[in-house]
K.L.:
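Structure provided below as structure tokens; questions to follow.
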Amino acid sequence: MLAIIFEYFCTKISTMPFQKLKPEIKTILENDNLSVDHRLSQVCEVLKENIPYYDWVGFYFKNGDKDELKLRSFAGEPTDHTIIPFGKGICGQVAVSNENFVVPDVKAQTNYIACSINVKAEIVVPLFLNGENIGQIDIDSHTPDPFSKEDEEFLEWVNEKVAEVLS
Ligand code: SME
């Protein structure tokens with residue numbers, strides 16, 4: 001019984017920062033006065049500034065009818081990897097797998113595109129519009145193995161809200 005109560009509170013504490021951020025993200029995305037690109041940039045900034053282990057946050061989308069991703073909005077250091085072919089790196093793999101990809105240790109990955117020597121871990125979550133994988137949110141972390149199921153669920157929620165704006 002004690003273990004169940006302990007687990008309940010641990011889950012509550014670990015999801016707290018995400019629950020607090022949700023209204024702010026909704027407000028940004030619903031702001032018709034800003035372009036969608038501007039709103040996406042603001043979402044990246046809010047995530048990067050409020051979650052200590054989110055050091056780079058970006059949205060990639062399928063580039064027209066090409067089998068490649070194009071960086072649309074980001075917060076953090078500029079990257080050279082603004083175009084990523086499908087299948088290449090963690091992002092390119094998610095473009096074809098349609099599945100979340102959590103990388104606790106980027107050094108252990110063979111199909112990985114390094115953006116900065118400081119990056120230790122990465123999470124990429126696909127973004128679906130009408131069931132189609134049209135893009136993704138990509139987070140780099142300077143902290144080893146920082147991502148949990150709560151991050152995945154939160155980022156899936158963020159992507160659902162973004163899809164509502166894009167539809
Ligand atoms: N590491 C990614 C490339 C994008 S950067 O993280 C910004 C990958 O392997 O696809």
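We count ligands from 1, going down the list as the structure has it; atoms in each ligand are counted the same way. Everything numeric in this text was worked out from a predicted model, so none of it was measured.
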K.L.:
Near D138, which atoms of ligand 1 are under 4.0 Å from a heavy atom of that residue?
P.N.:
4 (C), 5 (S), 6 (O), 7 (C)
K.L.:
Answer whether the closest heavy-atom distance between the side chains of T82 and F74 falls below 4.5 Å.
P.N.:
no
K.L.:
Out of curiosity, is F74 lining ligand 1, as in a heavy atom under 4.0 Å away?
P.N.:
no
K.L.:
Going by the side chain to side chain contact (heavy atoms under 4.5 Å, CB included) test, name the single residue among I137, I25, L127, V36 that passes it with V162.
P.N.:
L127
K.L.:
Of the protein's non-hydrogen atoms, which lies at the shortest distance from atom 2 (C) of ligand 1, and what is that distance?
P.N.:
E122 OE2, 3.2 Å
K.L.:
If we only count N/O pairs under 3.5 Å, is C91 in contact with ligand 1?
P.N.:
yes
K.L.:
Do the rings of W56 and Y60 sit parallel, tilted or perpendicular, given the 30° and 60° boundaries?
P.N.:
tilted
K.L.:
Taking F128's backbone N and O only, do any of them form a donor-acceptor pair with N133's side chain (distance below 3.5 Å, no angle check)?
P.N.:
no
K.L.:
Above 12 or not: heavy atoms from other molecules or residues under 6.0 Å from CD of E77?
P.N.:
no
K.L.:
If the cut-off is 4.0 Å to any non-hydrogen atom of Y60, which atoms of ligand 1 fall inside it?
P.N.:
4 (C), 7 (C)
K.L.:
So does K149 pair up with E152, basic N to acidic O under 4.0 Å?
P.N.:
yes
K.L.:
So that I can tick it off, tell me whether K62 and D67 are bridged by a salt bridge, with the cut-off set at under 4.0 angstrom between side-chain N and carboxylate O.
P.N.:
yes
K.L.:
Give me the nearest non-hydrogen protein atom to atom 7 (C) of ligand 1 as residue plus atom name, then the distance to 0.1 Å.
P.N.:
C115 SG, 2.9 Å
K.L.:
For ligand 1, which atoms sit closer than 4.0 Å to a heavy atom of D140?
P.N.:
5 (S), 6 (O), 7 (C)
K.L.:
Please work out whether any backbone atom (N, CA, C, O) or any side-chain heavy atom from C-beta onward of Q93 is under 4.0 Å from ligand 1, and answer side chain, backbone, both or neither.
P.N.:
neither
K.L.:
Kindly identify the option in I113, I139, V103 whose heavy atom sits closest to atom 9 (O) of ligand 1.
P.N.:
I113
K.L.:
Which of these, L71, D80, I90, has its nearest heavy atom closest to atom 8 (C) of ligand 1?
P.N.:
I90
